[in-house]
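Note sheet for the following structure.
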Amino acid sequence: MSTFTHTIVTDPLGNPFKLPFFMTQAVIDGILREFTVRDDDVFITTYPRSGTTWMQQIVHLLTCRGIQGDEHLEVVIPYLERAAAFNGLAPFEQIKTRRFFKTHLPFTFQLYRRNPAAKFIYVARNPKDCAVSLYYFMGNNYRIAYQGTWEDFVTLFISGGLIYGKWSEHVSQWWRQSRTSTNILFLKYEDLHRDPAGIAAKVACFLGVDMGPELLTAILPMTTFDQMAQSPKTNLSWAAWRADADSRPLRKGRVGDWQNHFTAEQNQRMEVMCRQLSAEFGLEFDFE
Ligand code: A3P
């Protein structure tokens, strides 16, 4: 039997979700009740391990004219529900400039509905690579400490038994809303790999940042996997990670690593899920 540390929290519709252990119902209810979403707020929204940090770095550099600064990314773009759990909401009220947040909250937690004028950048990653990345994350993060087999993990991923609920619902709910909302920019991790300059330009345009060729030339080298993995400002070294050389949060940063992990049968189950997403919502992913 597999285990990992978590809480169980319900969304406003009463659906239960497993969340990282420090996110209690009171913390989440506090966000939903008391957190004022401003018109110019920006939320980088993802299912975990989908390229959140990468997008944080792009947004940070775009909006700070290419200057990394002294703080690491979790300080400049805080993880909303984690920061709320540890520091409360008051520090966010003090911010006088445009605010940027990272969140993994599913659509049904209704952050979006609190102020649809705010902007949401949603990054989705193909579920096979996302599952592999999450498997290492949940196993190597000593506070979450997933213990169990990869086979069980795949089953939990598909059925929604891991943190932040069912991947297919998380992604499809934000995707559907993005079809009719100009304030949600829906992006894919695989497109970031294929065309980082094009995606950075899209993000700049979405945020109203005037990105000339100089800014683009300056920031792109600072958003590569190698550069981000070696910098303590971007490599998630602040996470509660197992301290050994084999495990690190910026692990491989590739499209297609799933091929080193999935059996034919596991792949088949993922394919069924992906065909459903494609048929129901027209949502498709690249896998290599
Ligand atoms: P892997 O575990 O496959 O390496 P998140 O930031 O949402 O937690 O996502 C983490 C995943 O994004 C990790 O995937 C990490 O390596 C990858 N990633 C982070 N920065 C990246 C970059 N600049 N280029 C490519 N992948 C990146």
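For ligands, and for the atoms within them, numbers begin at 1 and follow the listed sequence.
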Proximity of [X] and [Y] rings by center, below 6.0 Å:
| X | Y | result |
| --- | --- | --- |
| Phe35 | Phe101 | yes |
| Tyr189 | Trp54 | yes |
| His6 | Tyr146 | no |

Test item: Lys18 side-chain N/O and Gly161 main-chain N/O as donor-acceptor pair under 3.5 Å: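 Flag set: sc Lys18 to bb Gly161 pair under 3.5 Å.
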
Would you confirm whether Trp174, through its side chain, and Tyr122, through its main-chain N or O, come within 3.5 Å as a donor-acceptor pair?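 Judged by distance alone, no pair lies under 3.5 Å.
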
Closest by any non-hydrogen atom to atom 3 (O) of ligand 1: pick that one out of Met228, Arg125, Gln56.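 Checking each option, the heavy atom nearest atom 3 (O) of ligand 1 is found in Arg125.
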
Heavy atoms only: which of Phe137, Trp258, Phe225 is nearest to atom 16 (O) of ligand 1?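 Among Phe137, Trp258, Phe225, the closest heavy atom to atom 16 (O) of ligand 1 belongs to Phe225.
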
In plain terms, say whether Glu190 and Lys128 are close enough for a salt bridge, that is, a side-chain N and a carboxylate O under 4.0 Å apart.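 A salt bridge is absent here (no side-chain N lies under 4.0 Å from a carboxylate O).
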
Can you name the atoms of ligand 1, numbered from 1 with element, that are less than 4.0 Å from a heavy atom of [X]?
| X | value |
| --- | --- |
| Thr223 | 23 (N) |
| Tyr189 | 12 (O), 17 (C), 25 (C), 26 (N), 27 (C) |
| Thr53 | 5 (P), 6 (O) |
| Leu250 | 16 (O), 19 (C), 20 (N) |
| Gly253 | 1 (P), 3 (O), 4 (O), 16 (O), 25 (C), 26 (N) |
| Thr224 | 23 (N) |

Specify the protein heavy atom at minimum distance from [atom]: its residue, its atom name, and the distance to 0.1 Å.
| atom | value |
| --- | --- |
| atom 7 (O) of ligand 1 | Thr52 OG1, 2.4 Å |
| atom 22 (C) of ligand 1 | Trp54 CD2, 3.4 Å |
| atom 2 (O) of ligand 1 | Ser133 OG, 2.6 Å |

Using the side chain to side chain donor-acceptor pair (under 3.5 Å) criterion, which residues pair with Arg251? Sequence neighbours excluded.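 Result, side chain to side chain donor-acceptor pair (under 3.5 Å) vs Arg251: Asp257.
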
When only distance counts, is [X] in polar contact with ligand 1, meaning an N/O pair under 3.5 Å?
| X | answer |
| --- | --- |
| Arg49 | yes |
| His193 | no |
| Arg251 | yes |

Cation-pi geometry met for Arg125 and Tyr47 (6.0 Å, 45°):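 No cation-pi geometry.
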
What closest approach, in Å, do Leu215 and Gly66 show between heavy atoms, and which atom pair accounts for it?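 So the two residues come closest at CD1-N, 3.6 Å.
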
